[in-house]
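Below is one structure, written out as structure tokens; the observations come after it.
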Amino acid sequence: MALTTESLAVGLAGVAARMETAAEELNRLDAQIGDGDLGVTMVRIGRGVNEVLGDLPDDVGMAFMKCVQAITKVSGSSYATLVATALMSAAKVCKGRTEVPLSEMSALLAGAAEAMKARGKAELGDKTVIDAIDAAAKAVVGLDDGRAILAAAGAAVDDVIERMRDRPNRVGRARIWAEKSIGLDDPGMVAFRRMIEGLAG
Amino acid sequence: MALTTESLAVGLAGVAARMETAAEELNRLDAQIGDGDLGVTMVRIGRGVNEVLGDLPDDVGMAFMKCVQAITKVSGSSYATLVATALMSAAKVCKGRTEVPLSEMSALLAGAAEAMKARGKAELGDKTVIDAIDAAAKAVVGLDDGRAILAAAGAAVDDVIERMRDRPNRVGRARIWAEKSIGLDDPGMVAFRRMIEGLAG
Amino acid sequence: MKKILNDVYSYVDEMLVGLCAAHPEYYAQVSEGARVIKRPEAPIAGKVGIVTGGGSGHLPIFTGYVGRGLLDATAIGDVFASPSADQMAEAMRAANGGKGVLRLYGNYGGDVMNFDMAGDIVEMEDIPSTTVVLADDVASAKPAEAAKRRGVAGMVYAFKIAGAAADAGKDLAEVTRIAQKTADACRTIGAALTSCTVPQAGKPTFEIGETEMEMGMGIHGEPGVWRGALRKADEIAAEMMDILLADQPLARGERVSPLINSLGATPPEELYILYRYVKARLDDMGVRIVMPLVGRYATSMEMAGVSFTFCKLDDELETYLKAPAECAFWKV
Amino acid sequence: MKKILNDVYSYVDEMLVGLCAAHPEYYAQVSEGARVIKRPEAPIAGKVGIVTGGGSGHLPIFTGYVGRGLLDATAIGDVFASPSADQMAEAMRAANGGKGVLRLYGNYGGDVMNFDMAGDIVEMEDIPSTTVVLADDVASAKPAEAAKRRGVAGMVYAFKIAGAAADAGKDLAEVTRIAQKTADACRTIGAALTSCTVPQAGKPTFEIGETEMEMGMGIHGEPGVWRGALRKADEIAAEMMDILLADQPLARGERVSPLINSLGATPPEELYILYRYVKARLDDMGVRIVMPLVGRYATSMEMAGVSFTFCKLDDELETYLKAPAECAFWKV
Ligand SMILES: Nc1ncnc2c1ncn2[C@@H]1O[C@H](COP(=O)(O)OP(=O)(O)O)[C@@H](O)[C@H]1O
Ligand SMILES: Nc1ncnc2c1ncn2[C@@H]1O[C@H](COP(=O)(O)OP(=O)(O)O)[C@@H](O)[C@H]1O
Ligand SMILES: [Mg+2]
Ligand SMILES: [Mg+2]
Ligand SMILES: [Mg+2]
Ligand SMILES: [Mg+2]
């Protein structure tokens with residue numbers, strides 16, 4: 001199976017829809033250790049991307065780039081910029097191709113995680129969305145079936161959320177509430193989990 | 001009997017002493033319809049005048065002038081400036097004399113009331129200290145004995161305070177609380193009453 | 001009381017020491033502790049002197065506006081209290097460069113009595129002086145009793161325009177005429193959202209509900225026109241403009257300088273939201289806007305609220321308004 | 001919520017409309033509603049451009065400092081929220097006069113990510129750019145982790161000095177070096193007495209007792225060093241100076257520009273009381289004071305509190321600090 005602009009558009013539409021229903025939960029989680037806007041941010045990202053989905057170029061890399069633009073336009077939230085950064089890294093890898101084999105998904109996710117680390121000056125273990133993406137990258141190594149990839153990634157993210165729960169947030173706004181963040185789920189990791197659910201439709 | 005620098009100094013020392021004990025009452029009255037500082041002002045006037053009492057010139061007019069300077073130095077309150085204005089008007093009348101017959105007291109008070117009217121742009125009946133001084137001026141017409149003057153003036157002031165009580169204050173800070181001032185004694189009139197008590201020793 | 005200070009009785013003196021220490025090029029104490037501030041170069045020979053004075057707690061008013069093209073000296077009282085006639089006389093001496101002195105200040109009973117008294121005092125020293133009193137607060141008395149109105153932010157225009165006229169070498173009569181013309185051209189209306197706290201009082205001057213505002217309130221908390229629920233910015237601006245325009249109409253083709261002033265805590269962000277409305281409406285009316293002022297020009301310490309002042313201009317006033325001027329709080 | 005506004009969602013846009021309407025000589029919108037403000041004459045051919053950006057609610061920071069000898073353009077977010085990378089890229093385009101652009105802003109996670117992203121975007125358009133991030137808030141991290149510190153009022157010095165260097169015709173590398181040198185020379189410590197209210201939140205950002213203060217609190221209410229009873233002005237000033245001097249000692253004969261800054265509601269009267277102490281102590285230490293700044297230079301809307309910034313100077317920085325500059329909020 002392969003990633004095409006068409007399948008990408010379907011997947012992203014699913015993500016956008018899921019964000020509308022997840023907004024409240026994400027705002028609530030973010031409010032505990034941040035500024036409580038993550039749900040709003042995800043809705044903005046979803047709607048922004050939705051607007052360009054009908055009009056994506058066949059070049060998968062260029063299609064990713066168009067989504068990056070849509071996102072940097074609608075939000076300056078950390079998470080939006082990290083998502084844009086991740087998609088930009090995918091755009092570079094996919095540029096010039098109309099089909100990208102799903103077997104590359106692990107590498108795409110790993111590349112995204114690296115780009116996000118550089119952007120956010122964060123490390124693995126800092127309890128951010130990067131831990132979730134890294135876990136997903138590792139879980140889908142060797143898989144090339146869409147359903148299987150989503151299932152494995154979802155399970156891996158659930159697991160890392162669980163494992164990280166009792167550790168402190170070490171970067172972002174939550175850093176200043178590090179002690180308070182122990183025992184709480186990182187909102188960015190949960191948002192990634194909801195995105196996977198959205199992709200699964 | 002006559003007013004001399006010596007008898008003036010004795011009288012003013014009595015006023016200064018009475019102000020220390022009257023301060024609280026005057027602050028309280030002023031707080032109801034003003035800024036609550038009249039007691040503080042009277043203490044300042046008393047202490048300021050006290051400092052120059054030992055050093056007054058024999059010329060009664062010049063002695064009054066020295067008190068004026070002492071007062072304008074220590075306070076910018078309305079009442080202080082009105083008292084200074086009254087003393088200045090007395091200074092002009094007494095200038096060049098070392099003895100001023102007490103039979104002139106009514107005229108001195110009437111002159112002071114006129115000067116204060118001009119200074120404060122107030123009329124009789126506006127429920128200010130001027131009503132009290134005017135009443136005192138009228139009450140001491142023809143008297144030339146110190147005790148008798150103080151007794152008549154005191155009674156007249158008590159009477160005018162009583163008569164004015166149920167009218168509104170029409171000038172000064174109290175003007176904006178005109179309605180509220182009905183039923184309350186004008187603090188400036190009461191202060192004048194306490195000054196008479198001080199003069200009486 | 002949430003104020004940063006050492007002692008309520010030294011609030012004013014320490015403030016003045018800091019002010020003069022921070023800006024020695026603009027402000028000098030006439031003598032230590034006298035609470036009389038002058039331009040370091042005052043008195044300026046051959047120039048009409050301009051003095052003002054009043055209670056502390058209104059910076060930049062009063063002392064802040066001492067400077068080139070503005071005021072020569074000022075007498076400062078305790079917070080919200082008149083300085084003494086003695087201080088005012090001292091300020092007049094410091095300002096007198098041989099051409100006489102204009103007393104230019106706000107219409108408050110105590111200040112008026114003291115400045116008149118001070119005039120009597122310096123008259124004995126042969127310093128000629130005149131008086132112009134600002135009475136621009138339209139909420140403080142009906143038009144029929146306009147002379148009883150209090151002086152508020154309109155003082156900023158009077159200081160600036162009279163200061164420029166004195167700087168231009170006009171004589172005392174002429175500076176006085178121009179100052180009076182400016183005073184007559186100014187109308188102000190204020191609205192308060194929260195109280196300030198006078199240090200010596202130690203508690204807020206007035207109580208006001210969590211969602212209330214008071215239209216027309218004075219800068220010391222004097223009662224206003226109405227008290228009620230906080231309205232939207234455009235509604236507040238509309239009412240304030242209505243009040244100003246009813247008192248002094250502005251016709252198509254006329255010009256005005258509007259001052260959108262914070263009473264202290266209200267941030268510039270919110271002033272600009274208000275100005276947006278004022279500008280659009282004046283444009284609509286065909287009134288020309290000259291040198292709009294938006295900021296903290298006349299305050300009541302940490303009071304939240306705003307005032308609008310409209311200064312109606314003609315060629316003469318506009319020229320002086322735009323003339324160069326300089327103090328620590330304002331440069332033109 | 002005691003704020004003067006029409007709608008929490010239009011707070012920033014209406015504020016920017018009013019700002020540009022009041023001061024068209026200083027501020028122009030790049031396009032309606034874009035929340036990117038530039039000097040009307042920008043881009044200026046042959047001059048290095050300087051851009052900044054960050055959340056609204058800090059006027060004069062950020063937009064206020066767009067002007068001659070200061071900044072060329074700025075990207076503005078919602079109150080206390082980062083603008084988007086897209087806006088920042090737009091600001092960089094507006095500022096680029098062919099000599100490249102310096103991104104000069106405060107160290108906040110979101111702002112840093114977005115400005116880096118914006119740099120990546122304009123790199124594709126061949127606009128060379130550099131970054132200098134202010135991290136002057138000593139209370140926000142230990143000296144060993146100084147790079148993690150937040151950027152606060154030190155930005156004022158960086159804008160002024162880098163702006164003057166760009167104005168003097170220095171190239172991008174040189175402007176960047178000078179900006180970084182300024183950033184390294186600034187230390188700031190803040191203390192809050194009351195909270196501000198973010199319009200979209202509708203209630204105070206934090207709770208604080210009627211007689212409490214918090215030392216070291218951040219400009220968005222980030223937790224500080226201690227919270228306790230409100231102290232006397234001189235005690236507060238002494239502790240703040242101790243903290244600054246421990247982080248960056250000042251020896252006899254060295255020079256510093258001190259900024260005594262109100263976070264919003266604290267009136268200038270109280271800043272001058274504090275400055276009185278600062279000046280006396282620096283004099284005592286034999287440290288030379290250059291261009292002391294006292295006023296509202298970097299705020300958090302209606303928050304009561306103050307910050308002290310010490311910018312340690314040498315000949316180069318002093319020259320640029322004193323060079324002419326002009327915006328609606330500050331003229332040098
Ligand atoms: N520097 C960073 N590096 C990696 N992830 C980060 C970083 N900062 C924030 N995040 C992630 O973003 C989430 C918060 O996003 P968001 O609400 O948009 O932040 P903010 O409102 O502070 O800009 C966090 O839960 C975390 O997963
Ligand atoms: N304009 C005026 N004319 C006459 N008397 C006045 C005037 N203003 C005030 N007073 C008198 O002074 C008293 C108040 O004095 P004071 O407390 O010094 O005033 P303030 O504190 O407002 O300056 C009043 O009770 C009244 O008797
Ligand atoms: Mg958030
Ligand atoms: Mg946010
Ligand atoms: Mg009183
Ligand atoms: Mg008083």
Side-chain angles (χ1 to χ4, degrees), chain C residues 1-7 10-12 14-19 21-23 56-57 59-60 64 79 193-194 196 210-211 213 230 232-236 260 264-280 292-296 299-302 304-306 328-329 331, chain D residues 1-7 10-12 14-19 21-23 56-57 59-60 64 79 193-194 196 210-211 213 230 232-236 260 264-280 292-296 299-302 304-306 328-329 331:
Chain C
M1 170 173 55
K2 283 229 160 160
K3 297 182 84 72
I4 300 177
L5 49 78
N6 289 305
D7 180 284
S10 63
Y11 189 85
V12 171
E14 293 188 359
M15 176 271 281
L16 291 175
V17 168
L19 181 79
H23 315 289
S56 289
L59 279 178
V79 172
L193 274 64
T194 69
C196 56
E210 245 326 298
T211 56
M213 64 178 287
L230 178 62
K232 282 181 192 291
D234 285 0
E235 291 166 13
I236 296 170
I260 310 304
T266 293
E269 283 81 357
E270 293 162 34
L271 301 180
Y272 286 115
I273 290 174
L274 293 166
Y275 180 70
R276 195 190 103 273
Y277 175 92
V278 171
K279 155 96 165 116
L293 303 176
V294 181
R296 292 172 172 107
T299 66
S300 295
M301 294 179 295
E302 63 283 320
V306 292
F329 296 85
K331 293 189 178 64
Chain D
M1 170 174 55
K2 283 230 160 158
K3 296 180 85 72
I4 300 177
L5 50 79
N6 290 303
D7 180 282
S10 63
Y11 188 85
V12 172
E14 293 188 0
M15 176 269 284
L16 291 175
V17 168
L19 180 79
H23 315 290
S56 289
L59 278 178
V79 172
L193 274 63
T194 69
C196 57
E210 247 325 299
T211 57
M213 63 177 288
L230 179 61
K232 281 181 192 294
D234 285 359
E235 290 165 12
I236 295 170
I260 311 303
T266 293
E269 283 81 356
E270 293 163 34
L271 301 180
Y272 286 116
I273 290 174
L274 293 166
Y275 180 69
R276 194 190 102 276
Y277 175 93
V278 171
K279 154 97 165 114
L293 303 176
V294 181
R296 292 172 172 106
T299 66
S300 295
M301 293 179 296
E302 64 282 319
V306 294
F329 296 85
K331 292 189 179 64

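So you know, we letter chains A, B, ... as the sequences are listed, proteins then strands, and number each from 1. Keep in mind that this is a model prediction, so the values were computed, not measured.
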**Q.** Contacting region of D:Leu59 [heavy-atom separation from chain C under 4.5 Å]
**A.** both
(Q) At a heavy-atom distance under 4.5 Å, which candidate from C:Met15, C:Met213, C:Glu14, C:Lys3 has the highest pair count against chain D? (A) C:Glu14
Q | Closest non-hydrogen atom pair between D:Tyr11 and C:Pro267, with its separation | A | OH-CG, 4.3 Å
Q) About how many Å separate CZ of C:Arg276 and CG of D:Leu16, when rounded to the nearest 0.5 Å? A) 11.5 Å
Q: Report the option among D:Lys2, D:Met301, D:Glu210 that has the most heavy-atom pairs separated by less than 4.5 Å from atoms of chain C.
A: D:Lys2
Q | Check: C:Ile260 and C:Leu293 side chains under 4.5 Å, non-hydrogen atoms | A | no
Q) Relative to chain D, which segment of C:Ala304 carries a heavy atom at a distance below 4.5 Å: side chain, backbone, both, or neither? A) neither
Q: Please look at C:Thr266 and chain D and tell me whether the side chain, the backbone, both or neither of the residue comes under 4.5 angstrom of a heavy atom of that chain.
A: side chain
(Q) Looking only at heavy atoms and a cut-off of under 4.5 Å, which of C:Glu235, C:Met1, C:Lys279 has the most pairs with chain D? (A) C:Lys279
(Q) Ignoring hydrogens and geometry beyond distance, is a side-chain donor-acceptor pair present between C:Tyr275 and D:His23 at under 3.5 Å? (A) no
Q. For the candidates C:Glu302, C:Lys232, C:Glu270, C:Lys331, which exhibits the highest count of non-hydrogen atom pairs separated by less than 4.5 Å from chain D?
A. C:Glu270
Q: Determine the option with the most heavy-atom pairs under 4.5 angstrom with chain D, choosing from C:Val12, C:Leu19, C:Val17, C:Val294.
A: C:Leu19
**Q.** Residue, of D:Leu5, D:Ile273, D:Asn6, that accumulates the most heavy atom pairs under 4.5 Å with chain C
**A.** D:Asn6
Q | Top of C:Pro292, C:Ser300, C:Gly18, C:Ala328 for chain D proximity - count of heavy-atom pairs under 4.5 angstrom | A | C:Gly18
Q: Please flag which part of C:Leu230 lies under 4.5 Å from any non-hydrogen atom of chain D: side chain, backbone, both or neither.
A: side chain
Q: For residues D:Leu274 and D:Ala233, report the shortest heavy-atom separation together with the two atoms involved.
A: CD2-O, 3.4 Å
Q. Which bit of D:Tyr277 comes within less than 4.5 Å of chain C, counting heavy atoms only: side chain, backbone, both or neither?
A. neither
Q.
Between C:Asp234, C:Asp7, C:Leu271, who has the most heavy-atom pairs with chain D when the cutoff is under 4.5 Å?
A. C:Asp234
Q.
Heavy-atom cut-off 4.5 Å, strictly under: side chain, backbone, both or neither for D:Ile236 against chain C?
A. side chain
